[in-house]
Amino acid sequence: MKNLIIMLLLIFSFVLNAQNNTYEEIDKKITKYVSSFDENAINELVEFINNNFLTETDKLRASFIWITDNFEYDVDNMFAVNYYSEPREIVDTILKNRKGICMHFAFLFNEIGNELGIKTYVISGYTKQRGFVDYVPHAWCASFVDSAWYMFDPTWGSGYIQNHRFTKKLNNYYFKTTPENLIKSHMPFDFLWQFLNYPISSQEFYEGCTIIDKGKPFFDYADTLKIYEKSSKIDQLISANRRIEQNGVKNTLTYNQLQNNAREIEYYKNQSIVGFYNAAIYYYNEGIDKLNEFIDYRNKQFTPQKTELEIREMIESAEKSLTQSQKELQNIITTDINTINLMNQLRKSINEATMQISEQKEFINKYFNTRKAFRKSLFYKYTWMGIPLN
């Protein structure tokens, strides 16, 4: 019995040690990797990771350690969150400076994950530390790995701030954390990114009530995410704001996020209007060019010779372009009087061109319904006492 107890203790000790060193070999290998930190840094890192690690978890672990090992938290700029920075600019900044704040860490991890072929998102929200909700926004990540969603916070995983100084210290808790665990300290603005079927409300987060309550209405985040991924940017933002408001606006951070989303919605709406209007102009000009090409060909009395099908195609192609121009205008929804005036002017021009096309189509029909010997006469206007004879 004594020997059995000793054996069990040895086995327990071995298992415990193995659990503590799960990623030891991965960590050693990636810390020996020499990075360039230039514009090719991500591509080179991804190539190295793909060549040296097999599973999705191992690849994300290598990414996580590379970030936490090579970059410092920028304490001096911890409040300099820029909602309007481009992802590429954010990543380039941390690579160049070798330091950054949460959004730099998160976007860097996000880019590496997606370049590795692992679906990854940046999540924005607020956090709770030592029982108090922080007054600065935070960013972290979620990745779909091993057929499930897990959470990653490379910022909190890299160390901590004390007395306005950053101390680098790996914290494995923020690597591949379950959504049920991370919600205790990380609250997304949009509850979609909790990845929970029974999301925690803002009020519950403040009160520390983060135990999953299956008595709540069921939220199918997986189906909602599929819809989100297929939606336009405008629809994504609109649905996000609806969920943010539904979950409760408890602080200025959440209110600011709503306002930022609203501004983005207006921006994308304006961009959409400009895009549709420019497309309408493009197709209108294309139609006019084709119409002029046909008229020039008619003025040359249909020489060089083309088949009836080719001649009809010339005018029908012009008509298709003008029809497409009309369709692009129909996509524009606006109350701006200047835009409406521009659209009305373009519609008038399209209608005038369409009338010309109808006239040309009538001529073509008349031309091919006329005996060949008399077709040439159709190109000339004959009158008697000012009255057209043909």
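Of the N and O atoms on the side chains of H104 and D74, not one donor lies less than 3.5 Å from an acceptor on the other residue. Counted by atom type alone, Y160 and Q129 present zero donor-acceptor pairs between their side chains at under 3.5 Å. D38 and S36 are linked by a side-chain donor-acceptor pair at a separation below 3.5 angstrom, with hydrogens and angles left out of the test. Donor-acceptor pairing under 3.5 Å is lacking for the side chains of N369 and R375. Between K184 and T210, the side chains place no donor N or O within less than 3.5 Å of an acceptor N or O (distance only, hydrogens not considered). There is no side-chain donor-acceptor pair under 3.5 Å between T354 and N351. Using modelled atom types and a 3.5 Å distance limit, the side chains of N292 and D289 yield no donor-acceptor pair. For the residue pair N247 and R242, no side-chain donor N or O sits within less than 3.5 Å of a side-chain acceptor on the partner.
We find the CG-OG1 distance between D27 and T68 to be 8.0 Å, quoted to the nearest 0.5 Å. Between F107 atom CZ and C102 atom SG the span is 10.0 Å, to the nearest 0.5 Å. Atom CD of residue Q324 and atom CD of residue E286 lie 9.5 Å apart, to the nearest 0.5 angstrom. Distance check: Q236 CD to L192 CG gives 10.0 Å after rounding to the nearest 0.5 Å. Once rounded to the nearest 0.5 Å, the distance linking NZ of K366 with CD1 of I364 reads 13.5 Å. In this structure, CE in M187 is found 12.5 Å from OG in S124, a value given to the nearest 0.5 Å.
Judged by a 6.0 Å distance limit and a 45° cone about the ring axis, K250 is positioned over the six-membered ring of Y206. Geometrically, K99 does not engage Y73 in a cation-pi contact, judged by NZ or CZ lying under 6.0 Å from the ring centre and within 45° of the ring axis.
Ring centers of F152 and Y174: at least 6.0 Å apart, outside the cut-off. Aromatic pair Y135/Y126: ring centres not closer than 6.0 Å. Checked against a 6.0 Å centroid threshold, the rings of F64 and Y23 do not count as neighbours. For F109 and W66, the ring centers are positioned 6.0 Å apart or more.
Side chains of K327 and N331 form no contact here, defined as non-hydrogen atoms less than 4.5 Å apart. Taking the side chain as every heavy atom from C-beta outward, I332 and Y277 approach each other to under 4.5 Å. Looking at heavy atoms from C-beta onward, F37 lies in side-chain contact with F71 at the 4.5 angstrom threshold. When side chains are defined from C-beta on, K233 does not count as touching Q271, because their heavy atoms never get closer than 4.5 Å. Two residues are said to be in side-chain contact when any heavy atoms from C-beta on lie closer than 4.5 Å; T167 and I161 fail this criterion. Between S143 and L60 there is a side-chain heavy-atom pair separated by less than 4.5 Å. Looking at heavy atoms from C-beta onward, L322 lies out of side-chain contact with Y283 at the 4.5 angstrom threshold. Looking at I112 and I67, their side chains come closer than 4.5 Å, going by heavy atoms from C-beta outward.
K361 and E316 are not joined by a salt bridge, as no carboxylate oxygen comes within less than 4.0 angstrom of a charged side-chain nitrogen. Ion pair D92/K96 not flagged as a salt bridge, since none of the NZ, NE, NH1 or NH2 atoms sits closer than 4.0 Å to an Asp/Glu carboxylate oxygen. Between D134 and K128, none of the side-chain N atoms (NZ, or NE/NH1/NH2) sits under 4.0 Å from a carboxylate O, so this pair counts as no salt bridge. Salt-bridge annotation for K29 and E25: absent, with no side-chain N of the basic residue lying under 4.0 Å from a carboxylate O of the acidic one.
The number of heavy-atom neighbours closer than 6.0 Å to OH of Y173, taken from other residues, nucleotides and ligands shown, is above 12. Enclosure of atom CD1 in I238 by more than 12 non-hydrogen atoms of other residues, nucleotides or ligands within 6.0 angstrom is indicated. A 6.0 Å sphere centred on CD of E352 holds more than 12 heavy atoms belonging to other residues, nucleotides or ligands. Residue-environment remark: CZ (R88) exceeds the threshold of 12 foreign heavy atoms within 6.0 Å. The 12-atom threshold is not exceeded at CZ of F132, counting heavy atoms of other residues, nucleotides or ligands nearer than 6.0 Å. Within a 6.0 Å radius of NZ in K216, other residues, nucleotides and ligands contribute more than 12 heavy atoms.
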Given side-chain contact (heavy atoms from CB on, under 4.5 Å), test N40 with L45 step by step and report yes or no. CA-CA 9 Å; N40 299 314; L45 175 68; over 6 Å; no
Report the C-alpha distance between M314 and K290 in whole Å, list the side-chain angles of each, state the deciding distance to 0.1 Å, and finish with yes or no for side-chain contact (heavy atoms from CB on, under 4.5 Å). CA-CA 7 Å; M314 288 180 72; K290 291 176 179 178; over 6 Å; no
Where do K214 and N197 land on the side-chain contact (heavy atoms from CB on, under 4.5 Å) test, with the steps shown first? CA-CA 8 Å; K214 294 188 177 181; N197 292 130; over 6 Å; no
Run the side chain to side chain donor-acceptor pair (under 3.5 Å) test on Q203 and E207 for me, step by step, so that the C-alpha distance in whole Å, both residues' side-chain angles and the decisive distance to 0.1 Å come before the verdict. CA-CA 6 Å; Q203 183 65 38; E207 294 173 354; 2.7 Å; yes
Applying side-chain contact (heavy atoms from CB on, under 4.5 Å), run through Y297 and I311 and close with a yes or a no. CA-CA 9 Å; Y297 182 60; I311 292 174; 3.9 Å; yes
The test is side chain to side chain donor-acceptor pair (under 3.5 Å); show your working for N110 and N114 and say whether it passes. CA-CA 6 Å; N110 175 72; N114 283 301; 3.2 Å; yes
Audit row: F191, F219, ring-ring contact (aromatic ring centres under 6.0 Å, His included) steps and yes/no: CA-CA 10 Å; F191 65 75; F219 173 62; 5.0 Å; yes
Please list every donor-acceptor pair under 3.5 Å in which a side-chain atom of residues 49-58 meets a protein atom from a residue at least two apart or in another chain.
unit_1	atom_1	unit_2	atom_2	d
N50	OD1	K59	NZ	3.0
N50	ND2	V46	O	3.3
N51	ND2	E47	O	3.1
N52	ND2	F48	O	2.7
T55	OG1	D58	N	3.0
T55	OG1	D58	OD1	3.4
T55	OG1	D58	OD2	3.2
E56	OE1	D146	N	3.1
T57	OG1	D146	OD2	2.6
T57	OG1	K176	NZ	2.9

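Considering all non-hydrogen atoms of both residues, D153 and A139 come closest at OD1-O, 4.2 Å. The heavy-atom pair separating A106 from C141 by the smallest distance is O-SG, 3.1 Å.
Residues W149 and L182 are members of one and the same hydrophobic cluster, defined by side-chain heavy-atom contacts under 4.5 angstrom among Ile, Leu, Val, Met, Phe, Trp and Tyr. Under the 4.5 Å side-chain contact rule for hydrophobic residues, V91 and I123 do not share a cluster. Cluster membership check: I118 does not share its hydrophobic cluster with F144, using side-chain heavy-atom separations under 4.5 Å among Ile, Leu, Val, Met, Phe, Trp and Tyr. Under the 4.5 Å side-chain contact rule for hydrophobic residues, W193 and M151 share a cluster.
Legend: ring-ring contact (aromatic ring centres under 6.0 Å, His included) pairs involving residues 330-371, not counting sequence neighbours, sorted by first then second residue: F302-Y367, F363-F379, Y367-F379.
Remark: side-chain polar atoms of N181 are not paired, donor with acceptor, to backbone N or O of T177 under 3.5 angstrom.
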